[in-house]
Structures are given as C-alpha cells and as structure tokens.
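Sequential numbering from 1 along the given sequence is applied to the chain's residues.
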Amino acid sequence: MSILNRQFRVALLLLILIEELSFLGYLAPAVNTFLFFSFVLLALILSVRRPEYALWLVLIELIIGSKGYLFFVDFGATRISIRLALWSIVMLAWLLTAALTAIREKKLTGDLRAFFLSLKTKERRYWALLALLVVWGAVNGYFISKNGLSGTFFDANAWIFFLLVFPAFPILRKRENLERFLPLALAALVWLACKTFFLSFIFSHYTLETPAFRLYRWVRVSGVGEITQVKGGFYRIFFQSQIYLLMAYLTAVYFLVKKISTDKFSRLLRSGKFWVNFIFCSMMLSAILLSLSRSFWLGLAAGLSVVGGRLAWMLFKSGQKVSGRLAFSIAAFAGSLFVSAFFVALIVTFPKPTPIGGFDTGSLLGSRVDSDEAAVVSRWELLPKLWHKILEQPILGRGFGSTVTYQSKDPRQLLSPSRGVFTTYAFEWGWLDIWYKLGVFGILAYGLLIHELFVRGLTAVDQSPWFADLKFGLLAGLLALSVTHFFSPYLNHPLGIGYLIFLFSIL
C-alpha cells in the first residue's frame with residue numbers, strides 16, 4: 001500500500017495553508033470569523049454528501065489543533081472552537097440519518113446494529129458501565145457535590161466526545177476508507193513535526209521582543225501549544241497533540257524492525273521504503289525530543305519495551321541467525337536516535353541568523369529531571385491533596401467539577417493575588433482524576449475497556465501483513481498513551497478519546 005501518494009502531498013499543502021490562515025485570523029479577527037463559518041459550511045455539505053470526509057476533518061483537526069481553537073467564534077463570554085463545531089455537525093448529521101432510517105424501517109439502522117453486534121459480551125458491559133459512570137459523574141457533580149452547572153459541564157464535556165464512535169465506526173471499519181484516511185493522517189503528522197521544527201528555529205534565533213511575539217501569542221490563543229524557555233535560553237516547543245507523534249513513531253519503528261527481521265540486508269538497504277520509514281522515524285523522534293515532555297518520554301519507553309520484546313520474539317521464533325539481525329535492529333534504532341538529536345541541535349544552533357541561546361544537552365536534559373523545577377514541584381504538591389480528596393469518596397467519586405486547592409509553584413500563579421494558592425478541577429494526574437470524579441469503578445471500567453482492546457487486537461485474524469503490523473504498532477501506542485496518562489491527562493480528553501475511537505473502529 002502506497003501512502004506517500006498524491007493524496008498525501010495535496011493534504012500536506014492544504015494543512016500548511018490552513019495553519020497560515022489560522023495565523024492570519026489571529027491578526028485579523030474578522031478573517032478568523034469568516035474562516036470559522038466557512039469550515040462549518042464545508043462540514044455541513046460533506047456530512048450530507050460525503051460523511052467520511054466530514055469525519056476526516058474532525059480527526060485531522062485533532063492531530064494539528066491540540067486544544068481545538070485554530071479557528072473560533074465568540075458569542076458573548078462563550079468561545080466556540082472549530083473542534084466543537086465540527087464534532088457537533090458530524091454528530092447531528094449522523095443522528096438525523098439514524099433517526100430517519102429508524103422511523104422508516106421501524107428498527108435500528110444497519111450501522112447501529114453492526115456496532116452493537118461487533119462488541120463482545122465483555123466489551124458491551126465495559127462500554128455500558130463506562131457510559132453509566134460518566135452520567136453518574138455529571139449527576140453526582142451537579143446534584144450531590146453541588147459543583148455548579150458551569151464547573152460540572154466544562155469538566156464533563158470532553159467525555160461527550162466518546163459519542164463520535166457511532167458515526168466513526170461504520171466508516172473506519174471499512175478497509176477502503178481506512179486506506180484513504182491513512183495518507184491524510186500521515187500528512188498531518190509530518191506537518192505537526194515540521195511545525196515543531198519551524199517554531200523551535202524561530203524561538204531559538206529571535207527574541208519575544210521581535211515580531212516572533214505574534215507567533216507566540218497565536219500559539220497560545222489558538223491553543224496549539226506552549227512555548228516556554230528552559231535552561232540555556234533553549235525554548236521548549238510543546239503541543240498537546242504531539243502525543244500522536246509518539247504513536248506514529250512506535251508504529252513506524254515496528255514497521256522498521258519487522259522489515260529488518262524478515263528481509264535480506266542487501267535488499268533492505270536498497271529499498272526506498274526502508275529509508276523513507278527511517279527518515280519518518282527520525283522526524284517523529286526529533287519533535288518528541290523538542291517537546292521536552294517527561295510524560296512522553298515515559299510513554300515512549302513503555303511502547304519501545306513492547307516493540308523490542310516483539311522483535312526478540314520474532315527473531316527467536318524464526319530460527320534464523322539472531323545476532324546479525326538483532327545488531328542491525330539496534331544499529332537502526334541508534335542511528336535514528338543520533339539523526340534525531342543531530343537534527344535538533346542543527347535547528348537550535350543554525351548559524352544564520354545568530355542563535356540567541358545555547359544547546360547544552362546535559363544541562364537541558366537535567367532541567368527536565370530536576371526535582372526542583374516549578375512544574376515538578378507543583379505536581380507533587382497536588383498529589384497528597386488530590387489523594388486525600390479521593391479517599392473521602394473512593395467508591396462513588398465526587399463527580400465532575402470537583403476541585404482541589406493546593407500550593408502551585410507556577411510563576412504565573414505566584415504573581416497572582418493568591419500567591420500561588422490554586423483551585424482547579426483539572427489535574428495532571430490523569431488516572432487519579434478519573435478516580436476522583438468517577439470513583440474506583442471508573443478506573444476499573446476504563447482499564448478493562450483498554451484491556452479488551454488489547455485482547456481484540458492481539459487475537460484478531462489479520463487479512464494482510466501491513467494491517468497486522470499497523471495494528472501492533474497502534475497497540476504499542478495505546479500502551480504509551482495509557483502510561484502517559486498517569487502524568488498528563490489524555491484519556492479524559494478528545495485527543496486520547498479520539499485515538500481510542502479510531503483504534504476500536506479499525507479493530
């Protein structure tokens with residue numbers, strides 16, 4: 001299957017144009033409003049005529065949009081993101097189609113029947129239990145814990161994204177639709193990495209007093225990500241959606257080592273696909289390094305352990321000479337790591353124009369494991385407070401919108417009138433967040449649902465080798481996502497929920 005096709009190239013150019021238009025919309029709010037409604041109109045047309053394309057818009061926006069505000073519109077004090085608008089349109093179109101079909105045929109639509117029949121008995125129970133607990137979290141938060149309508153809604157609204165599984169499932173379960181979507185997803189991933197490189201170059205060569213400040217403000221206002229200065233004048237370029245680069249890297253690495261374990265070395269080294277995959281791995285890893293995300297690194301380690309274990313099992317099972325192929329696999333991985341680190345250093349220290357910061361690898365990595373760093377201290381300050389709150393209602397939880405007050409070391413909070421005393425319902429400890437809001441059954445239901453995804457993926461009969469490899473790489477990504485969620489919330493956010501919907505649908 002060829003992914004680097006014309007569809008990929010066109011999609012990449014369109015994504016670059018969309019980001020440029022988003023920046024233009026930041027500079028001229030009227031342009032932003034016009035573009036917002038233009039995309040809404042496009043989604044409406046596609047939802048009627050080509051619903052799979054409307055779904056592509058939602059999924060691609062997840063990859064490039066992070067928080068979903070590349071385009072937005074303000075209605076009084078409420079800001080509507082393009083993500084919410086696209087999701088609402090896709091859901092409304094599906095709901096109307098399903099309702100009309102049910103009225104006409106006096107039974108569930110074929111898509112709904114297929115969805116429920118595709119679930120194993122255990123999966124039905126886990127999906128139903130998780131849905132029931134989410135409803136309970138909303139009822140508990142508003143009526144029992146008295147967290148207020150605003151706090152309850154804005155804490156719970158991300159979970160509503162799970163409903164996208166109904167329109168997504170009938171589309172993604174068709175192999176031809178998946179094959180059409182993969183080049184688009186790959187283009188979005190490549191652009192996300194390139195956007196990371198571009199911003200890293202800009203902020204390592206220009207100060208915030210220059211026109212680069214407008215780029216910084218656009219990144220913050222649009223919710224694309226965060227740009228923060230760390231030791232040595234180095235700027236950390238972090239996007240929430242870079243989590244997808246982690247999954248893409250693990251999938252590409254698995255394709256790489258699978259080729260090494262099965263193909264002849266001479267043919268492998270002459271293969272263009274091998275080198276394209278090698279470059280892709282290096283790009284993804286470079287962007288992950290530039291994110292300086294400790295959570296990503298832990299997830300990466302977990303995913304690589306699974307990929308490495310799978311490689312060792314394949315080599316020993318094959319009965320071939322293990323030493324040479326294992327050494328080649330290690331060399332390919334080390335080579336990708338070296339190329340990634342070299343590329344990061346090249347971006348940051350490129351001599352034209354003169355870089356404004358240094359690039360001391362030891363100091364830089366040390367700053368990310370420094371236990372005295374503000375973000376680390378704040379996270380550990382939160383932990384005992386959150387744990388104490390969990391133990392007050394460990395079984396049933398406190399509901400959505402429940403808050404914790406703790407002493408933050410964030411410089412912005414320290415400068416506020418509260419002098420760092422911070423109250424929030426959004427927590428970095430992702431699994432504990434679910435436990436606090438939904439109770440221990442919320443943790444169990446979500447964990448068992450993820451477990452069933454692993455079981456389904458590892459036991460399903462594959463129709464083609466490339467799909468088997470894609471599936472295993474995505475499952476390694478699911479493990480990385482689950483580990484990352486311990487320290488950065490993703491499984492209760494559209495980014496993580498979207499990945500689960502995609503994975504469930506194609507399996």
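Listed by chain and residue number, nothing satisfies the salt bridge (Lys or Arg N to Asp or Glu O under 4.0 Å) test with R217 (two or more places apart in sequence, or in another chain). Applying the side-chain hydrogen bond (donor to acceptor under 3.5 Å, both in side chains) criterion to Q393, with sequence neighbours excluded, gives no partner residue. In this structure, W431 has no side-chain hydrogen bond (donor to acceptor under 3.5 Å, both in side chains) partners at least two apart in sequence or on a different chain. In this view, E176 satisfies the salt bridge (Lys or Arg N to Asp or Glu O under 4.0 Å) rule with no residue, not counting sequence neighbours. Residues that satisfy the salt bridge (Lys or Arg N to Asp or Glu O under 4.0 Å) test with K389, not counting sequence neighbours, are absent from this structure. With sequence neighbours excluded, no residue forms a side-chain hydrogen bond (donor to acceptor under 3.5 Å, both in side chains) with K67. The side chain to side chain contact (heavy atoms under 4.5 Å, CB included) test applied to F472 returns Y254, V306, R310, L458, not counting sequence neighbours. The ring pair (Phe, Tyr, Trp, His ring centres under 6.0 Å) check on F502 picks up F181, with sequence neighbours excluded. Judged as a side-chain hydrogen bond (donor to acceptor under 3.5 Å, both in side chains), and not counting sequence neighbours, the contacts of T405 are T423.
With a 4.5 Å cut-off on side-chain heavy atoms, N177 and L172 do not count as touching. Within the 4.5 Å cutoff, the side chain of W387 has heavy atoms near those of the W435 side chain. The shortest distance between side-chain heavy atoms of I243 and M247 falls below 4.5 Å. The side-chain heavy atoms of L57 and V90, taken from C-beta on, include no pair separated by under 4.5 Å. Put simply, the side chain of L479 does not reach to within 4.5 Å of the side chain of L250, judged on heavy atoms. At a threshold of 4.5 Å between non-hydrogen side-chain atoms, the residues R50 and W56 do not count as touching. Counting heavy atoms from C-beta on, the side chains of F400 and L438 come closer than 4.5 Å. Here the side chains of W127 and E452 are not in contact, with every heavy-atom distance at 4.5 Å or above.
Of all the heavy atoms in K437 and S402, the pair that sits closest is CE-O, 3.7 Å. Between Q240 and V224 the shortest heavy-atom distance is OE1-O, 3.8 Å. Nearest heavy atom pair, residue A302 against residue S305, reads O-OG, 2.5 Å. Smallest separation of non-hydrogen atoms from S340 and S286: CA-OG, 3.1 Å. Nearest approach of A188 to I63, heavy atoms of both residues: CB-CG2, 3.7 Å. L256 and C281 make their closest contact through CD2-SG, 4.4 Å (heavy atoms, listed as atom of the first residue, atom of the second, distance).
Between W159 and Y446, a ring centre-to-centre spacing shorter than 6.0 Å is recorded.
The salt bridge (charged side-chain N to carboxylate O under 4.0 Å, His left out) contacts involving residues 237-258 comprise K258-D469, where partners must be two or more places apart or lie in separate chains. Legend: salt bridge (charged side-chain N to carboxylate O under 4.0 Å, His left out) pairs involving residues 477-494, not counting sequence neighbours: none detected.
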Just do the side-chain contact (heavy atoms from CB on, under 4.5 Å) check on F486 and L432 with the steps written out, would you? CA-CA 8 Å; F486 274 101; L432 294 183; over 6 Å; no
Evaluate the side chain to side chain donor-acceptor pair (under 3.5 Å) criterion for residues Q242 and S293: first the C-alpha distance (whole Å), next the side-chain angles of each, then the deciding distance (0.1 Å), finally the verdict. CA-CA 10 Å; Q242 284 167 336; S293 170; over 6 Å; no
Go through the steps for Y126 and H451 under the test side-chain contact (heavy atoms from CB on, under 4.5 Å), then give the verdict. CA-CA 10 Å; Y126 301 150; H451 174 264; 6.0 Å; no
Stepwise side-chain contact (heavy atoms from CB on, under 4.5 Å) test for F239 and L199: CA-CA 11 Å; F239 307 147; L199 290 174; 3.5 Å; yes
Take K195 and L192 through the side-chain contact (heavy atoms from CB on, under 4.5 Å) test and state the conclusion after the steps. CA-CA 5 Å; K195 182 166 60 173; L192 182 60; 4.1 Å; yes
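For the atom pair NE2 (H493) and CG (L62), the distance works out to 9.0 Å, reported to the nearest 0.5 Å. With rounding to the nearest 0.5 Å, the separation of CD1 in I288 from OG1 in T196 is 10.0 Å. To the nearest 0.5 Å, atoms CG (L86) and CZ (F39) are separated by 8.5 Å. Interatomic distance, L96 CG to L100 CG, rounded to the nearest 0.5 Å: 6.5 Å. For the atom pair CZ (F153) and OH (Y142), the distance works out to 13.5 Å, reported to the nearest 0.5 Å. Expressed to the nearest 0.5 Å, how far OG1 of T251 lies from CG of L470 amounts to 6.5 Å.
At least one donor-acceptor pair closer than 3.5 Å links the side chain of R236 to the backbone N or O of S291. Distance alone, capped at 3.5 Å, places no donor-acceptor pair between the K385 side chain and the V404 backbone. In this structure a side-chain-to-backbone donor-acceptor pair under 3.5 Å is present from R379 to F487. With S145 contributing its side chain and N147 its backbone, the two residues share no donor-acceptor pair below 3.5 Å. Although no hydrogens or angles enter the test, the distance criterion places no donor-acceptor pair under 3.5 Å between the side chain of Y490 and the main chain of S482. Looking only at distances, a side-chain donor or acceptor of S66 sits under 3.5 Å from a matching main-chain atom of S241. The backbone N or O of T484 sits nowhere less than 3.5 Å from a side-chain atom of S488 that would complete a donor-acceptor pair. Under the 3.5 Å distance criterion, the side-chain polar atoms of N32 are matched with a main-chain donor or acceptor of F72. Under the 3.5 Å distance criterion, the side-chain polar atoms of S22 are left unmatched by any main-chain donor or acceptor of I18.
In the displayed structure, Y425 atom OH is contacted under 6.0 Å by more than 12 heavy atoms of other residues, nucleotides or ligands.
Using bins of under 30°, 30° to 60° and over 60° for the plane-to-plane angle, the ring pair F422/Y406 lands in the perpendicular bin. Between Y499 and Y244, the angle of the ring planes lies from 30° to 60°, which puts this pair in the tilted group.
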Side-chain atoms of residues 161-168: list all donor-acceptor pairs with protein atoms under 3.5 Å, sequence neighbours left out, distances to 0.1 Å.
none

